[in-house]
Enquirer: 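Got a structure for you, written out below as structure tokens; questions coming shortly.
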Amino acid sequence: MSEMTMIHPTLDPDTCWEAFSRRDRDMDGHFVGAVLTTGIYCKPSCPARHPSRCNIIFFSDAESARVSGYRACLRCRPDEVGRDRQAVDKALSLIDLSEEPLSLDALAQAVGYAPHHFHRLFKRATGVTPAAYARKLRADRLESALEEDNRVTDAIYDAGYNAPSRAYADAGQRLGMTPSAWKKGGAGVTIRYAIVQSSLGATLIAATEKGLCRISFDEDEGELRRRFPAADIRPADADFAALAAEVVALVDNPARTANLPVDVQGTAFQQAVWDALRAIPAGETRTYSQVAASIGKPGAVRAAGSACGDNVLAVLVPCHRVLRTDGSLGGYAYGLERKEKLLEAERKA
């Protein structure tokens, strides 16, 4: 039996072992672990007792493990995970290539699964439902088409929408403005802002009529105008005070629950990362690799880190809860001292 280690190209042995140690279901289908003493390979979430660290090696897939002389675990059945992953990959390809929205029944039939079972598999692998993935894909295409200087109507149909009404409805949720306004660089959108004092210093809070579009530290009106050059930027009015007070309360106590309206732009990947950040309970932390795995993209650790860096809603989208694999703080746009204070406040709470 060969002991040659075939590591997944974007994962190191320590990351793989970490996934096995916590029996991470999100990593199933991305690699397998082979036990030298038993000759068996398992998926990361296998419930069996773990071998010693020195007795396990990692292969990029089940086939590589079999070629090296290992056999599948009868308890966790890792080969079935590979089939599930292939089905999800096929469905993603079908959605990407289809000019018309595909129903769940049609997708499930195409990949050979029952609809309710495939719906669960797809969401576990990608972090979103097939319908949500398709909506985000169309919104991404619309955004790209608008940026490429196309006519708005052409961009809507090129993105895969059957009618402008559906595109405008999606854009209202995704872009925070109509496609025409997005095309003009945000012209016609009013942004109110205030710079207030919080426990972390000068805090800039900005919002459109739909919700918060920026929470940051040590920034001023000039930064807002740089980010939103075509918007109508105005100082806060009386109605803005309550929203600003809620944000300050959150900054002062980051462990509190906050259900505040937001109006941000981001790719499907960025939105998935930001959703994953908001799902981290206060007082807990995750590594960048865990965040990437939680959205079904374990190889996109650096991209997950970049999405954290692109977060425009400090504290509300808690990128401060993400650490390096070795437990160190990593980076933070507003300084590691602030990151440490936020984490300490959550631990005390």
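The shown structure was predicted, so the numbers you read here are calculated from the model rather than taken from an experiment.
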Enquirer: Do Pro13 and Arg53 touch side chain to side chain, with heavy atoms closer than 4.5 Å?
Expert: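 Side-chain contact under 4.5 Å: yes.
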Enquirer: Under a 4.5 Å cut-off applied to non-hydrogen side-chain atoms, are Phe217 and Val251 in contact?
Expert: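 A side-chain contact exists here, since the closest heavy-atom pair is under 4.5 Å.
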Enquirer: Please check: side-chain N/O of Ser64 versus main-chain N/O of Ser60, any donor-acceptor pairing under 3.5 Å?
Expert: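 No, Ser64 side chain to Ser60 backbone: no donor-acceptor pair under 3.5 Å.
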Enquirer: Evaluate the side chain to side chain donor-acceptor pair (under 3.5 Å) criterion for residues Asn55 and Thr37: first the C-alpha distance (whole Å), next the side-chain angles of each, then the deciding distance (0.1 Å), finally the verdict.
Expert: CA-CA 7 Å; Asn55 288 328; Thr37 53; 4.8 Å; no
Enquirer: For the residue pair Phe31 and Phe58, categorise the inter-ring angle as parallel (less than 30°), tilted (30 to 60°) or perpendicular (more than 60°).
Expert: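 Ring orientation, 0 to 90° scale: perpendicular.
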Enquirer: Is it true that Arg66 and Asp79 have a side-chain N and a carboxylate O under 4.0 angstrom from each other?
Expert: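 Salt bridge: yes.
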Enquirer: Please determine which of Cys76, Pro51, Pro78 meets the side-chain contact (heavy atoms from CB on, under 4.5 Å) test together with Cys42.
Expert: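 Of Cys76, Pro51, Pro78, side-chain contact (heavy atoms from CB on, under 4.5 Å) with Cys42 is met by Cys76 alone.
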Enquirer: Write down the atom of Ser289, the atom of Val301, and the distance for their closest heavy-atom approach.
Expert: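 That closest heavy-atom pairing would be CA-CG2, 3.8 Å.
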Enquirer: Around atom CD of Glu340, are there more than 12 heavy atoms from other residues, nucleotides or ligands closer than 6.0 Å?
Expert: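 Counting neighbours around CD of Glu340, 12 or fewer heavy atoms of other residues, nucleotides or ligands fall under 6.0 Å, so no.
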Enquirer: In Å and rounded to the nearest 0.5 Å, what is the CZ to SG distance from Arg286 to Cys319?
Expert: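 Here the interatomic distance stands at 15.0 Å.
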Enquirer: A quick test of your reading: do over 12 heavy atoms of other residues, nucleotides or ligands sit less than 6.0 Å from CZ of Arg302?
Expert: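 Atom CZ in Arg302 is not crowded, with 12 or fewer foreign heavy atoms closer than 6.0 Å.
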Enquirer: Please report the shortest heavy-atom distance between Asp263 and Lys210, naming the atom on each side.
Expert: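 Shortest heavy-atom separation between Asp263 and Lys210 comes out as OD2-CB, 3.6 Å.
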Enquirer: Working note: Asp14 + Thr325, criterion side chain to side chain contact (heavy atoms under 4.5 Å, CB included); need CA distance, chi angles, decisive distance, verdict.
Expert: CA-CA 9 Å; Asp14 289 338; Thr325 303; 5.7 Å; no
Enquirer: Apply salt bridge (charged side-chain N to carboxylate O under 4.0 Å, His left out) to Asp310 and list each qualifying residue two or more places apart in sequence or on a separate chain.
Expert: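 Salt bridge (charged side-chain N to carboxylate O under 4.0 Å, His left out) list for Asp310, sorted by chain: empty.
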Enquirer: Which heavy atom of Asp28 sits nearest to which heavy atom of Pro44, and what is that distance?
Expert: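 Between these two residues, the closest heavy atoms are OD1-CD, 3.2 Å.
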Enquirer: To the closest 0.5 Å, what do you measure between CZ (Arg120) and NE2 (His117)?
Expert: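 If we round to the nearest 0.5 Å, Arg120:CZ and His117:NE2 are 5.5 Å apart.
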Enquirer: If you measure from the Lys or Arg side-chain nitrogens to the Asp or Glu carboxylate oxygens, is any gap between Glu346 and Arg321 under 4.0 Å?
Expert: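 Looking at Glu346 and Arg321, the cut-off is met.
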Enquirer: Supply the atom-to-atom distance Trp17 CH2 to Ile57 CD1, rounded to the nearest 0.5 angstrom.
Expert: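 The CD1 atom of Ile57 is 13.0 Å from CH2 of Trp17, to the nearest 0.5 Å.
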Enquirer: Side chains of Tyr288 and Leu323: closer than 4.5 Å at any heavy-atom pair?
Expert: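 SC-SC contact between Tyr288 and Leu323 ruled out.
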Enquirer: Between CG of Leu102 and CD of Gln109, what distance do you get to the nearest 0.5 Å?
Expert: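 CD of Gln109 is found 11.5 Å from CG of Leu102.
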Enquirer: Excluding sequence neighbours, so at least two apart, what forms side chain to side chain donor-acceptor pair (under 3.5 Å) with Arg226?
Expert: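 Expected list: Glu223.
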Enquirer: Look at the side-chain heavy atoms of Ile, Leu, Val, Met, Phe, Trp and Tyr, link any pair under 4.5 Å apart, and say whether Val196 and Leu260 land in one connected group.
Expert: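 Same cluster: Val196 reaches Leu260 through Ile, Leu, Val, Met, Phe, Trp or Tyr contacts under 4.5 Å.
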Enquirer: For the residue pair His50 and Arg23, establish whether any side-chain heavy-atom pair is separated by less than 4.5 Å.
Expert: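 Yes, close enough: below the 4.5 Å cut-off.
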Enquirer: List the atom of Ile295, the atom of Phe269, and the distance in Å for their closest heavy-atom pair.
Expert: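 Reported closest heavy-atom pair: CD1-CE1, 3.6 Å.
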Enquirer: Between Arg347 and Glu344, is there a salt bridge with N-O shorter than 4.0 Å?
Expert: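 The answer is yes: the pair qualifies as a salt bridge.
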Enquirer: Main chain of Gly201, side chain of Thr203: is a donor-acceptor contact present, judged purely on distance under 3.5 Å?
Expert: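 Yes; at least one donor-acceptor contact below 3.5 Å.
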Enquirer: Is there a side-chain contact between Leu329 and Leu343 (heavy atoms, below 4.5 Å)?
Expert: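 A side-chain contact exists here, since the closest heavy-atom pair is under 4.5 Å.
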Enquirer: Answer yes when Asp232 and Arg234 have at least one side-chain N-carboxylate O distance shorter than 4.0 Å, and no when they do not.
Expert: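 Looking at Arg234 together with Asp232, the answer is yes, because their closest N to O distance falls below 4.0 Å.
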Enquirer: For Val312 and Ile215, run side chain to side chain contact (heavy atoms under 4.5 Å, CB included): C-alpha distance rounded to whole Å, both residues' side-chain angles, the deciding distance at 0.1 Å, then the answer.
Expert: CA-CA 6 Å; Val312 298; Ile215 302 172; over 6 Å; no
Enquirer: Does Lys341 form a side chain to side chain contact (heavy atoms under 4.5 Å, CB included) with Glu337? I'd like the steps, not just the answer.
Expert: CA-CA 6 Å; Lys341 285 183 177 179; Glu337 183 178 354; 3.6 Å; yes
Enquirer: Does the side chain of Asp218 come within less than 4.5 Å of Arg338's, by heavy atoms?
Expert: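 A side-chain contact under 4.5 Å exists here.
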Enquirer: Atom CG in Asp252, atom CD in Gln197: separation rounded to 0.5 Å?
Expert: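 Asp252 CG to Gln197 CD: 10.5 Å, rounded to 0.5 Å.
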Enquirer: Evaluate the ring planes of Phe118 and Tyr113, with Trp represented by its six-membered ring, and classify them as parallel (under 30°), tilted (30 to 60°) or perpendicular (over 60°).
Expert: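 Tilted, since the angle between the ring planes falls between 30° and 60°.
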Enquirer: Kindly check if the number of other-residue, nucleotide or ligand heavy atoms within 6.0 Å of CZ (Arg324) is above 12?
Expert: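 No - once you tally the heavy atoms of other residues, nucleotides and ligands closer than 6.0 Å, there are 12 at most.
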Enquirer: Any sub-3.5 Å donor-acceptor pair from His320's side-chain atoms to Val315's backbone N or O?
Expert: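 Checking the backbone N and O of Val315 against the side chain of His320, no donor-acceptor pair under 3.5 Å is found.
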Enquirer: Between Ser216 (side chain) and Glu219 (backbone), is there a donor-acceptor pair under 3.5 Å?
Expert: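 Between the backbone of Glu219 and the side chain of Ser216 there is no qualifying donor-acceptor contact (under 3.5 Å).
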Enquirer: With ring-ring contact (aromatic ring centres under 6.0 Å, His included) as the test, would you mind laying out the steps for Phe59 and Tyr70 before giving the verdict?
Expert: CA-CA 11 Å; Phe59 292 85; Tyr70 295 89; 5.7 Å; yes
Enquirer: Which pair of heavy atoms, one from Ala304 and one from Val273, lies closest together, and at what distance?
Expert: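 In terms of heavy atoms, the two residues are closest at O-CG1, 4.1 Å.
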Enquirer: With the side chain counted from C-beta on, respond yes when Leu200 and Leu342 share a heavy-atom pair under 4.5 Å apart, and no when they do not.
Expert: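 When only atoms from C-beta onward are counted, Leu342 and Leu200 do touch, with a gap below 4.5 Å.
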Enquirer: Using modelled atom types only, decide if a donor and an acceptor are shared between the side chain of Arg192 and the backbone of Pro235 within a distance under 3.5 Å.
Expert: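 Looks like yes, one N/O pair under 3.5 Å.
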Enquirer: Quick one, Phe122 and Leu104 - any side-chain contact, counting heavy atoms below 4.5 Å?
Expert: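 Phe122 vs Leu104: side chains apart.
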Enquirer: May I ask whether Val248 and Leu316 are part of the same hydrophobic cluster, defined by side-chain heavy atoms of I, L, V, M, F, W, Y residues being less than 4.5 angstrom apart, directly or through others?
Expert: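 Yes; tracing contacts between hydrophobic side chains, which count when under 4.5 Å, links both residues.
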Enquirer: Could you report the tightest heavy-atom contact between Ala194 and Ala236, atom names first, then the distance?
Expert: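 Reported closest heavy-atom pair: CB-CB, 3.9 Å.
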Enquirer: Any donor and acceptor pair, going by atom type alone, linking the side chain of Lys339 with main-chain N or O of Gly331 inside 3.5 Å?
Expert: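 Checking the backbone N and O of Gly331 against the side chain of Lys339, a donor-acceptor pair under 3.5 Å is found.
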Enquirer: Quick check on the hydrophobic clustering: are Ile40 and Leu36 connected, directly or via other members, by side-chain heavy-atom contacts under 4.5 Å?
Expert: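 No; Leu36 is not reachable from Ile40 via cluster members.
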Enquirer: Report yes or no: does Asp24 contribute a side-chain atom to a donor-acceptor pair with the main-chain N or O of Ser45 at less than 3.5 Å?
Expert: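 No; zero donor-acceptor contacts below 3.5 Å.
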Enquirer: Test Leu313 against Val264 for side chain to side chain contact (heavy atoms under 4.5 Å, CB included), laying out the working first.
Expert: CA-CA 9 Å; Leu313 298 175; Val264 296; 3.6 Å; yes
